[in-house]
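First up is the structure itself, then whatever we jot down about it.
Letters A, B, ... are given to chains in the order of the sequence lines, protein chains preceding strands, and every chain is numbered from 1. When reading the values below, keep in mind they use all heavy atoms of this one structure, side chains included, and skip hydrogens, waters and symmetry mates.
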Protein chains: 2
Amino acid sequence: MAPSPEAGARPAGPPGVTIRHVAADAGVSTATVSRVMSGRGYASGATRQTVLQAVERLGYRPSASARGLRTARTATLGVLVANLANPVFLPFLRGVEHVAEAHGYAVLIADSRRSRDVERHELDTLYAHRVEALIVGESVENPEHLATLSEAGLRVVRAPDAGGESTAWSAAAIEAPAIVAACTRLADLGHRRVAYVTGPATRPPAPRGSARRDLVVQTLTVRGVAVEPVTMRGTDDPDRVTSAIRELLDTPRPPTALLCAAHPLAPRLLRALADADVALPERVSFLTFGDSPWAAAYRPAIAVIRRDAYTEGRAVAQRVLYDLGAAPEPGSADPPLATFDPRQSMATPPAAAPR
Amino acid sequence: MAPSPEAGARPAGPPGVTIRHVAADAGVSTATVSRVMSGRGYASGATRQTVLQAVERLGYRPSASARGLRTARTATLGVLVANLANPVFLPFLRGVEHVAEAHGYAVLIADSRRSRDVERHELDTLYAHRVEALIVGESVENPEHLATLSEAGLRVVRAPDAGGESTAWSAAAIEAPAIVAACTRLADLGHRRVAYVTGPATRPPAPRGSARRDLVVQTLTVRGVAVEPVTMRGTDDPDRVTSAIRELLDTPRPPTALLCAAHPLAPRLLRALADADVALPERVSFLTFGDSPWAAAYRPAIAVIRRDAYTEGRAVAQRVLYDLGAAPEPGSADPPLATFDPRQSMATPPAAAPR
DNA sequence: CTGTTAGCGCATTCAT
DNA sequence: ATGAATGCGCTAACAG
């Protein structure tokens with residue numbers, strides 16, 4: 001291949017079949033090919049067939065870069081999560097991806113790892129790729145970054161967990177019925193002291209956290225149940241968790257139920273309870289946010305307040321694509337929901353200990 | 001800005017600050033701005049400062065579309081997974097994302113959902129976006145699609161689980177030591193019949209599956225242990241699994257250990273064992289591929305063969321970016337590893353039942 | 001060291 | 001119904 005003496009250099013990489021190759025092969029102009037490919041504008045049935053055959057033969061796929069440059073629409077969504085290690089993001093991401101795929105959109109992921117610097121860099125990358133919308137999967141480290149992007153014209157949508165006001169459905173609203181049901185059940189069973197166990201506090205505090213806790217506290221208090229907030233530190237060290245659990249339960253009037261505020265925390269607490277020889281549910285009842293096959297498999301099976309993150313992801317993506325004019329209409333698909341699933345880990349509390 | 005009578009229409013969307021705005025603001029040419037932004041080519045310290053200030057002031061970020069169009073390098077990686085519902089992909093994806101981010105690359109995700117049609121469409125999208133490399137996270141529904149892309153010049157890299165030959169490290173190689181250790185332990189404990197439990201067969205069969213099974217069978221057989229392959233169907237229906245377990249164990253010479261071939265299957269089996277009142281580990285020992293906090297929390301704690309998918313993801317991404325000339329060198333970072341973690345769910349088998 | 005110029009692949013307008 | 005012409009934002013070659 002002799003280098004041509006043109007001013008602009010030919011980029012490296014494989015030749016790549018462009019719209020011009022197709023046009024030449026089909027004996028039409030590039031404009032016609034473009035019209036056929038995008039489905040906009042006129043094209044007779046005959047030429048359409050010819051073009052499509054050429055496309056097929058050459059394996060032509062329009063370049064998203066070129067199209068995006070020309071149209072300022074990249075057919076790309078960005079998803080920013082605070083911690084990709086959190087398994088709840090998987091179904092959420094999945095929901096987003098499925099809807100996006102159905103409408104020809106691509107999905108870029110970004111994991112801020114709870115670091116402002118990383119978040120900054122990730123957002124830069126997403127913006128550089130001109131994502132048409134940014135879905136924020138959880139709380140943001142530095143709201144200023146987002147504000148800047150928002151002013152720059154980027155559409156920002158927050159998942160139910162992400163806090164802020166621009167949420168389609170608030171996490172609290174979704175969870176409220178299930179939380180009330182669970183708290184009512186605890187009270188009905190006779191519990192009068194409940195520990196609300198959270199992981200180490202994050203900075204900034206997870207909005208979800210406070211909304212949940214507030215509702216739990218309110219609901220239980222109204223029913224005459226005292227709530228004791230417990231912050232579990234060093235959750236990666238089983239021994240620390242175990243001693244914390246011992247300390248919590250070795251009191252004159254210990255809580256008779258543990259409400260675990262975050263699913264990833266649950267197995268760690270259960271392990272500590274087992275290590276501390278605490279009988280479930282005889283000595284304490286156990287209930288956690290978030291479900292998994294393991295929670296159901298555990299003996300006793302663990303009661304849960306479960307959210308359908310997949311549907312949440314779908315719903316958020318639907319809404320965004322509708323806003324972008326890329327999806328027909330949100331439709332009245334199943335709204336995101338939360339359910340309370342009482343299981344064997346919740347039971348009547350032991351008789352009150354002597355004072 | 002008065003609309004110019006040019007032929008090309010102005011695309012919709014927010015104005016967006018381009019390289020020209022920066023150039024004007026800084027009083028230099030666009031070429032100079034480009035040089036400063038990309039770090040390639042000369043630029044005096046003074047002008048560099050001026051440009052950077054203008055960039056900062058205007059909030060300019062180069063458009064990846066335009067840059068990609070011009071350079072044929074999109075700074076984008078694609079990750080194709082067969083089933084985004086599988087939790088192992090989370091750490092893997094995380095590893096890829098972290099390395100990509102560190103080198104300014106974006107990550108596009110695609111979930112084929114084990115459907116050829118979806119896969120086809122997903123690959124089309126990834127190709128349209130001209131991902132510089134495609135990381136395949138698991139087996140592919142239709143190898144032809146991949147072959148086509150590969151011929152089109154796309155770099156395809158397969159994760160250890162993805163089968164094929166172009167893998168940096170084969171899953172079997174990574175897992176071999178741990179598998180041998182686990183099998184040896186089973187034999188040493190006195191087990192003579194082991195059930196190897198898999199989920200419903202996939203089409204095409206997961207390569208990982210057969211490689212694992214072959215090694216297990218071979219290792220156990222050599223040590224005088226019989227292996228009984230069991231395919232569990234209808235894994236979403238607890239009752240079906242329970243009856244299958246009952247059937248498996250209600251035989252004259254039942255297996256004394258269950259080896260679960262896939263982590264998502266484990267909680268379902270454990271639930272069925274509990275429902276069938278099978279004592280663990282007294283009546284049967286239990287061992288599974290894949291680890292999670294829940295496996296450690298279960299009582300008895302579940303023995304596992306664990307792989308470090310995060311490191312695998314990092315390693316794959318490192319390698320790809322190195323191949324692309326975007327990362328310095330793979331370095332001799334920790335290689336992906338698998339470990340066998342014996343836990344309480346493995347014990348001496350019950351005395352042989354009378355014939 | 002910096003500016004001018006051309007063109008990457010595509011969608012669009014306008015003329016035919 | 002189709003083609004010619006234009007420019008989206010950016011970078012690479014070249015001239016100065």
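- A:Arg94 forms no cation-pi arrangement with A:Phe92, by the criterion of a distance under 6.0 Å to the ring centre and an angle within 45° of the ring axis.
- Summarising the geometry, the separation between CG on B:Leu69 and C1' on D:dG7 is reported as 12 Å, rounded to the nearest angstrom.
- For B:Val28, counting side-chain heavy atoms from C-beta on, the closest listed nucleotide (D:dC10, C:dG3, C:dG9) is C:dG3.
- Residues satisfying the side-chain contact (heavy atoms from CB on, under 4.5 Å) test with A:Ser44, not counting sequence neighbours, are A:Ala46, A:Thr47.
- Mapped onto DNA chain D by nearest heavy atom, B:Tyr60 and A:Ala31 fall at different nucleotides, with A:Ala31 at the one closer to the 5' end.
- Across all non-hydrogen atoms, the minimal contact from B:Val96 to B:Gly313 is CG2-O, 3.5 Å.
- Between A:Ser29 and B:Ser38, the residue whose closest nucleotide on DNA chain D is further toward the 5' end is A:Ser29.
- Across A:Ala110 and A:Leu126, no two heavy atoms sit closer than the pair CB-CD1, 4.0 Å.
- Of the candidate nucleotides C:dA6, D:dA5, D:dT2, C:dA6 has the atom nearest to the side chain of B:Arg70.
- As rounded to whole Å, 13 Å separates atom C1' of D:dT2 from atom OH of A:Tyr42.
- Using a 4.0 Å heavy-atom criterion, one finds that A:Ser34 contacts the bases of the nucleic acid, with or without backbone contacts as well.
- A:Val51 and A:Val22 get closest at one heavy-atom pair: O-CG1, 4.2 Å.
- Atom CD1 of A:Ile19 is separated from atom P of D:dG3 by 12 Å (rounded to the nearest Å).
- Put simply, B:Thr18 has no side-chain N or O that comes within less than 4.0 Å of OP1 or OP2 on D:dC8.
- Taking atom NE2 on A:His129 and atom P on D:dC10, their separation rounds to 13 Å, with Å as the unit.
- Rounded to whole Å, the distance from CE on B:Met37 to P on D:dG9 is 15 Å.
- Closest-nucleotide positions on DNA chain C for B:Arg48 and A:Ser63 were compared, and the one nearer the 5' end corresponds to B:Arg48.
- Checking the phosphate oxygens (OP1, OP2) of D:dG3, a side-chain nitrogen or oxygen of A:Thr32 falls inside 4.0 Å.
- Of the candidate nucleotides D:dA5, D:dT11, D:dC10, D:dA5 has the atom nearest to the side chain of A:Thr30.
- Rounded to whole Å, atom C1' of D:dG9 lies 11 Å from atom CZ of B:Arg67.
- No hydrogens or angles were tested; on distance alone, a donor-acceptor pair under 3.5 Å links the side chain of B:Arg35 to the base of C:dG3.
- The distance between atom CZ of B:Arg20 and atom C1' of D:dG7, rounded to the nearest whole Å, is 9 Å.
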